Amino acid sequence: MSQVPMVFGAEITLPAIGFGTGGIQGYAGVEALIQAFELGYRLIDSAVNYENEGTVGRAVRRSSVPREEIIVTSKLPGRHHAYDEALATIEESLFRTGLDYLDLYLIHWPLPRLDRYVEAWQALITARDRGLVRAIGVSNFLSSHIDRLIEETGVSPAVNQVELHPFFPQAEQRAYNADRGIVTQAWCPIGRAGDLLSHPLLGAIGERYGVSRAQVILRWHLQLGVVPIPKSSSPERQYENLDLFGFDLTDDEMTEITALGRPDGRLFGLDPATHEEF
Ligand SMILES: NC(=O)C1=CN([C@@H]2O[C@H](COP(=O)(O)OP(=O)(O)OC[C@H]3O[C@@H](n4cnc5c(N)ncnc54)[C@H](OP(=O)(O)O)[C@@H]3O)[C@@H](O)[C@H]2O)C=CC1
Ligand SMILES: O=C(O)C(=O)[C@@H](O)[C@H](O)C(=O)CO
């Protein structure tokens, strides 16, 4: 596999494609992750709520890839937004991985009704200052939430990880993030292998290049400057999802794929303005 290019933000440089770990756990999960490292994945997405930080840490420690080449991400759940609890949760994430530091830590959801995300952000800043984590960011934050973080703490997130796929291209959020040097990461990038993956447009474009629909979608993310984090427990599909550098989508194809976007294209109806995930 050729070297994955990098994406540059104001606060962080990341591989152009990462690896999702939702549902990847236990011994099988360790093997899947070691396999992913061997194929060339270097950016790993985890979360307290995935209950797999131990799996991720074990795979990082057992892999032949040097620790400093791997970017390990975890996320703070909504039930621990209070400052002291957030700091303790980050420490526990670190202990569970068995690593000396984490590379990126995100607030998982803003939970605006609870209204403690600024406090949580202050804890992430402290964790970064103490060297527990190298960089800090957010997930599922709307622009108004990020404005508030910056206004109240002066610290901008390195990353905003949001739902982003052809049915929900998030043009405004991408532009907001890009204007501030915040790297946009895309969760559920291939729509969790649901209806999106059978869309005929993607099949037609894929046939032109001899690639799969998933590869067309992930190439679209790359050309938008967004970092997708597809999950796969299969070595074949892990390889397929990384094999994106032998073709280019034309401007017209990019426009056609983006036009699949729907007014509310969220696949699970999870609007960060109202969704509360503890
Ligand atoms: N911040 C947040 O709130 C959220 C973050 N995430 C993160 O984003 C990651 C990715 O999102 P996720 O929800 O997993 O969905 P994805 O869009 O990554 O889809 C994963 C599904 O697609 C299948 N798949 C993977 N590659 C292919 C392929 N090439 N062809 C056909 N099927 C394929 C996988 O099956 P198989 O494993 O069998 O290959 C799995 O069922 C998560 O794992 C998690 O890390 C996800 C949701 C919310
Ligand atoms: O997987 C995650 O990170 C989540 O936040 C999930 O709750 C996600 O929203 C989901 O799986 C929706 O079905």
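Remember, predicted model here, so these are calculated numbers, not experimental data. Numbering of ligands and ligand atoms starts at 1, following listing order.
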Hey, does His108 sit under 4.0 Å from ligand 2 if you only count heavy atoms? yes
Contact (N/O only, under 3.5 Å) between Trp109 and ligand 2: yes
Which protein non-hydrogen atom lies closest to atom 9 (O) of ligand 2, naming both residue and atom, and how far is it? Leu270 CD1, 2.9 Å
Return the closest protein heavy atom for atom 3 (O) of ligand 2 as residue, atom name and distance. Tyr50 OH, 2.4 Å
How close does the nearest protein non-hydrogen atom get to atom 11 (O) of ligand 2, and which residue and atom is it? Arg192 NH2, 3.1 Å
Can you find a pair of side-chain heavy atoms, one from Val159 and one from Leu14, that are under 4.5 Å apart? yes
Near ligand 1, which protein residues have a heavy atom under 4.0 Å away? Gly20, Thr21, Gly22, Asp45, Tyr50, Lys75, His108, Trp109, Ser139, Asn140, Gln161, Trp187, Cys188, Pro189, Ile190, Gly191, Arg192, Ala193, Leu197, Ala214, Ile229, Pro230, Lys231, Ser232, Ser233, Arg237, Glu240, Asn241
Name all pairs fulfilling the salt bridge (charged side-chain N to carboxylate O under 4.0 Å, His left out) condition that reach into residues 249-261, sequence neighbours left out, sorted by first residue then second. Arg208-Glu253
Regarding Thr21 and Asn52, do their side chains bring together a donor and an acceptor under 3.5 Å, going by distance alone? yes
Indicate yes or no: does Asp179 engage Arg174 in a salt bridge with an N to O separation below 4.0 Å. no
Closest contact, heavy atoms only, Leu249 versus Gln223: N-OE1, 2.8 Å
Would you call Arg148-Asp115 a salt bridge at under 4.0 Å N-O? yes
With a 3.5 Å cut-off and no angle check, do the side chains of Trp187 and Asp45 form a donor-acceptor pair? no
What atoms of ligand 2 come closer than 4.0 angstrom to any heavy atom of Phe268? 12 (C), 13 (O)
Have a look at Tyr176 and tell me which of Thr184, Asn160, Asp147 forms a side-chain hydrogen bond (donor to acceptor under 3.5 Å, both in side chains) with it. Asp147
Side-chain donor-acceptor pair under 3.5 Å between Gln238 and Ser232, yes or no? no
Would you mind checking which non-hydrogen protein atom is closest to atom 7 (O) of ligand 2, with the distance to 0.1 Å? Glu277 OE1, 2.5 Å
